[in-house]
Amino acid sequence: MSMEDYDYLFKIVLIGNAGVGKTCLVRRFTQGLFPPGQGATIGVDFMIKTVEIKGEKVKLQIWDTAGQERFRSITQSYYRSANALILTYDITCEDSFRCLPEWLREIEQYANNQVVTILVGNKIDLAEKREVLRQRAEDFAEAQSMLYLETSAKESDNVEKLFLDLACELIREAKQNKLDNNDTAPMPGEGKTISYLSCCSLN
Amino acid sequence: MSAPILQLSTDLYSLDPSALTLTLTNNSCYFLEVVKRWKLIICFVVCSLQKEVEAELDRLVGQEGTIHTKMLALQRMGPNLQLIGGDASQLSGMITFTCSLAENVSRKVRQLDLAKTRLYNVIQRADDILDLKFCTDGVQTALRNEDYEQAAAHIHRYLSLDQSVIELSRQGEESSAVDASLVMLQEAEQKLKVIVAEKLDEAVAAVDLAQVERFFKIFPLLGLHQQGLARFGQYLCSQLASKAEENLLLATGGDLGEKRALLIFADTLTLLLEGIARVVETHQPIVETYYGPGHLYTLITHLQQECDKQAQKIVDKFIQQRGYHNKFQIVQSSMMKSVPGERIEPRYVCVELDPVLTEVTLMNARAELYLRFLRRRMMADFEVGDAQSITQEHQQNVEKLLKHCLLSRTMQELIGYYIPMEEYYMRESVNKAVAMDTYEKGQLTSSMVDDCFYIVKKCISRALSSSSIDCLCAMINHANSVLESDFREVLYNKVRQGFPATTLQDIQRGVSSAVSLMQSSLQQGKFNTLGIESAEHAKAAFLNDCSKLFSQGGGSGDQAKIESCLSDLVNTSTKFKDLLQEGLTELNTTAIKPQVKPWISSFLAISHNIEEEEFNDYEANDPWVQQLIVNLEQLMAEFKAALSPVIYDTLTSLMTSLISIEMEKTVLKCSFSRLGGLQFDKELRSLVAYLTTVTTWTIRDKFARLTQMATILNLERVTEILDYWGPNSGPLTWRLTPAEVRQVLALRIDFRSEDIKRLRL
């Protein structure tokens with residue numbers, strides 16, 4: 001790992017209903033594009049972007065999943081190794097918000113318990129069509145102890161912030177974990193803590 | 001010079017004469033004197049003036065010659081200038097003339113050009129009018145003779161005429177005649193369109209391929225590309241449909257061999273897709289020749305509709321007959337339930353799942369292959385048209401058609417169900433392999449390891465055989481999860497149980513009990529290496545297969561996906577390595593250390609504060625080291641038999657470290673005489689020599705500190721250490737600190753502590 005030119009490697013998986021703008025968020029962040037008429041994602045897409053945070057190189061592996069039901073079993077297989085999940089809904093679509101509890105159940109079932117989850121309300125450029133009030137989403141996120149952010153992939157609002165904040169949080173947790181592990185020798189067999197460390201250890 | 005003199009003379013002239021007269025009367029003598037002097041002055045002034053003027057005149061006269069020659073030259077040039085003037089005006093006249101001439105000529109050329117183009121236009125129009133007439137006549141005859149190709153050719157000619165030309169010809173004198181023929185042509189066109197459509201429909205109904213193709217070729221001549229393709233597509237679809245239904249009937253009803261029956265739906269789907277591919281292949285030339293490139297896409301759009309319909313039928317039948325959804329529900333419910341007692345016996349489920357899973361992956365692989373074929377054909381067809389003009393739009397259309405067609409969706413759904421089932425199959429099979437674990441004597445590993453890795457490999461290979469990258473990645477993820485958590489847990493627990501500390505308390509049974517414990521627990525070590533090798537081996541194998549898949553046309557993004565998933569698998573193998581290391585360390589501390597430690601501490605019982613006599617006695621009857629070597633040999637022999645070479649090496653390495661550390665501790669508790677030091681040196685040498693023979697790598701490094709201690713204990717005098725220390729150390733790198741050197745020196749009873757203190761290290 002010391003050969004690689006980064007200090008941390010994190011896996012981030014985007015999930016949420018079909019058509020809420022997951023692919024657009026990823027493309028806006030990784031390529032600075034907003035492709036109009038983006039088709040539905042097939043299976044899972046994979047992008048990499050390396051960012052620098054406080055002098056440390058952070059490689060973000062971003063897995064953009066298909067929202068459609070028939071790809072659910074493919075996307076579920078990525079939850080376990082994810083360091084962070086971006087749960088996305090569309091603020092102009094009440095339905096996508098109502099499905100959130102279902103998504104949380106999936107996270108509960110498949111993701112490892114240290115995963116950082118952030119709730120994202122996308123498409124704030126369509127403010128006049130808003131169906132989900134900000135306060136409601138904030139309350140929901142707080143009740144589930146998730147971070148919350150509203151974004152617009154089209155106007156590039158908060159997109160950079162979303163990923164960078166997430167990277168900061170992950171670095172913080174990784175450092176915290178390292179401290180914890182130094183205090184009490186890591187118990188062999190508790191694969192998850194070790195796995196968490198081994199994939200983002202310092203060079 | 002001349003200026004002040006002139007000035008003086010003027011002054012003189014300007015003297016007031018009255019004043020002079022006055023003075024004159026007053027004193028004439030004095031006045032005369034003054035006048036005389038003035039005269040002198042004036043004379044002098046005049047003379048000098050004269051000289052000045054003369055010089056000036058001389059200079060001017062000297063110039064006269066040159067001026068004269070210049071004047072002569074000018075006079076000679078006079079006539080030449082007149083000549084030049086004449087020539088110039090002549091030239092200007094000539095240029096003006098040429099210019100007007102050129103303008104004249106070019107005006108004429110322009111006129112000629114215009115005349116020529118008009119002439120061409122006239123010829124063209126005359127041709128067109130002639131054609132029009134010819135077409136009018138031709139169409140009539142052709143229609144009468146039912147020569148539709150000819151008629152269509154005429155209409156095609158008419159349609160390709162410039163519309164404005166036709167308008168123009170109407171305005172001519174023969175307008176009525178032209179009008180009449182135009183009307184006739186239009187009528188004929190409509191008539192022909194109707195006839196051809198009817199005839200094609202008839203041919204389609206009669207399943208007469210020759211006739212269908214005949215009329216299909218006429219459509220583009222009448223500018224009815226889309227219609228022609230649609231009707232032809234319809235014909236081909238009906239052909240495909242009847243064939244497909246026949247096949248499906250055969251599949252569901254017919255008697256089939258045992259082997260084929262398991263894959264009958266995959267086979268039926270294959271037949272359907274191959275059929276369509278063949279249709280595309282056979283009819284592509286016709287479409288390209290008569291419709292031009294770029295029209296294959298339209299035809300395939302029509303065919304794909306039928307393909308979707310038929311594929312859906314096959315898949316529906318598959319789901320129904322194989323109880324696909326039913327099986328999925330069983331799997332899902334048994335994965336949800338955490339209580340094992342309530343589960344349906346997994347073995348039966350697994351046995352039933354196996355062939356169905358294989359069939360699904362085969363179906364998906366066929367569909368992927370088919371869609372790749374279509375993509376290649378369509379893009380090639382666009383490329384023939386114009387390689388540059390393959391626009392984003394073309395590509396998007398093709399992708400949209402292929403990715404969002406019902407066939408793709410149906411397959412995605414099947415794979416969606418397949419993944420959890422395959423995961424279940426893998427998990428349950430691994431569980432079963434663990435439960436049925438047996439250890440055969442003489443075998444270094446138990447059956448479980450091989451079985452588990454065989455299963456994982458099988459499942460991933462099956463996912464790979466589906467040709468779906470996402471499916472493969474998902475299964476690699478699941479395999480990783482099974483290996484990393486479940487299987488690792490099993491191994492870890494075995495390692496834990498393997499070393500109950502209490503059983504080791506009985507020193508009498510030391511060796512044998514250790515070995516019997518090894519029987520069960522040491523295998524873990526072997527398991528693990530095997531695990532690592534398998535994981536890496538598997539990775540290499542997958543990469544190999546994957547690259548095959550890519551060469552068939554996968555994107556680079558897909559490759560990155562798989563590589564990322566596989567790198568997780570490699571991480572898992574690293575974890576197995578860690579576990580192995582852990583297991584061995586534990587084995588070393590629980591099984592080897594308790595035995596080796598007393599052997600080494602028996603060194604304390606052997607006095608090294610000895611004289612010549614005892615030294616010789618030791619020489620004859622070795623007091624310690626030979627026994628230690630024999631003991632070690634026995635201990636290691638048992639391990640060697642039961643361990644794989646790699647693990648045995650790691651273990652001996654751990655053991656030698658242990659020995660060196662223990663020896664060091666022990667030696668520091670002893671006291672030595674000069675000969676005692678020599679004795680220790682001898683003992684250490686034999687020990688190192690023995691250990692070198694049993695390990696594959698050099699162990700001298702591990703014993704460097706001990707060897708250096710022996711060197712110190714062997715010194716003649718305290719100060720002799722300085723021959724080896726600091727600048728005199730030569731190639732020797734001291735592993736002992738100065739404090740440790742003093743400590744070791746103090747072990748020699750014959751060294752005085754003041755001397756040691758006095759040493760400068």
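Per chain, numbering begins at 1; letters A, B, ... match sequence-line order.
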Item to check | Sequence neighbours excluded, every pair satisfying salt bridge (Lys or Arg N to Asp or Glu O under 4.0 Å) that has a member inside residues 19-31 of chain A | outcome: none
Next on the checklist: If you count heavy-atom pairs within less than 4.5 Å of chain A, which of B:M475, B:E399, B:Q412, B:H404 leads?
Outcome noted: B:Q412
Item to check | Sidechain N-carboxylate O distance under 4.0 Å for B:E422, B:R427 | outcome: no
Item to check | Contacting moiety of A:F71, where chain B heavy atoms sit under 4.5 Å | outcome: side chain
Checklist entry - Given a strict heavy-atom distance threshold of 4.5 Å, which part of A:A40 is in contact with chain B: side chain, backbone, both, or neither? => result both
Item to check | Under 4.5 Å from any heavy atom of chain B - which part of A:Q109 | outcome: side chain
Checklist entry - Going by an N to O cut-off under 4.0 Å, is there a salt bridge joining A:E94 and A:R136? => result yes
Checklist entry - Out of B:K400, B:K403, B:R409, B:Q396, which one racks up the most heavy-atom pairs below 4.5 Å with chain A? => result B:R409
Checklist entry - Cut-off 3.5 Å, side chains only: do A:D64 and A:T23 have a donor facing an acceptor? => result yes
Item to check | B:F328: ring pair (Phe, Tyr, Trp, His ring centres under 6.0 Å) partners, not counting sequence neighbours | outcome: B:Y417
Checklist outcome for this item: Applying a strict 4.5 Å limit to non-hydrogen atoms, the region of A:Q68 in contact with chain B is neither
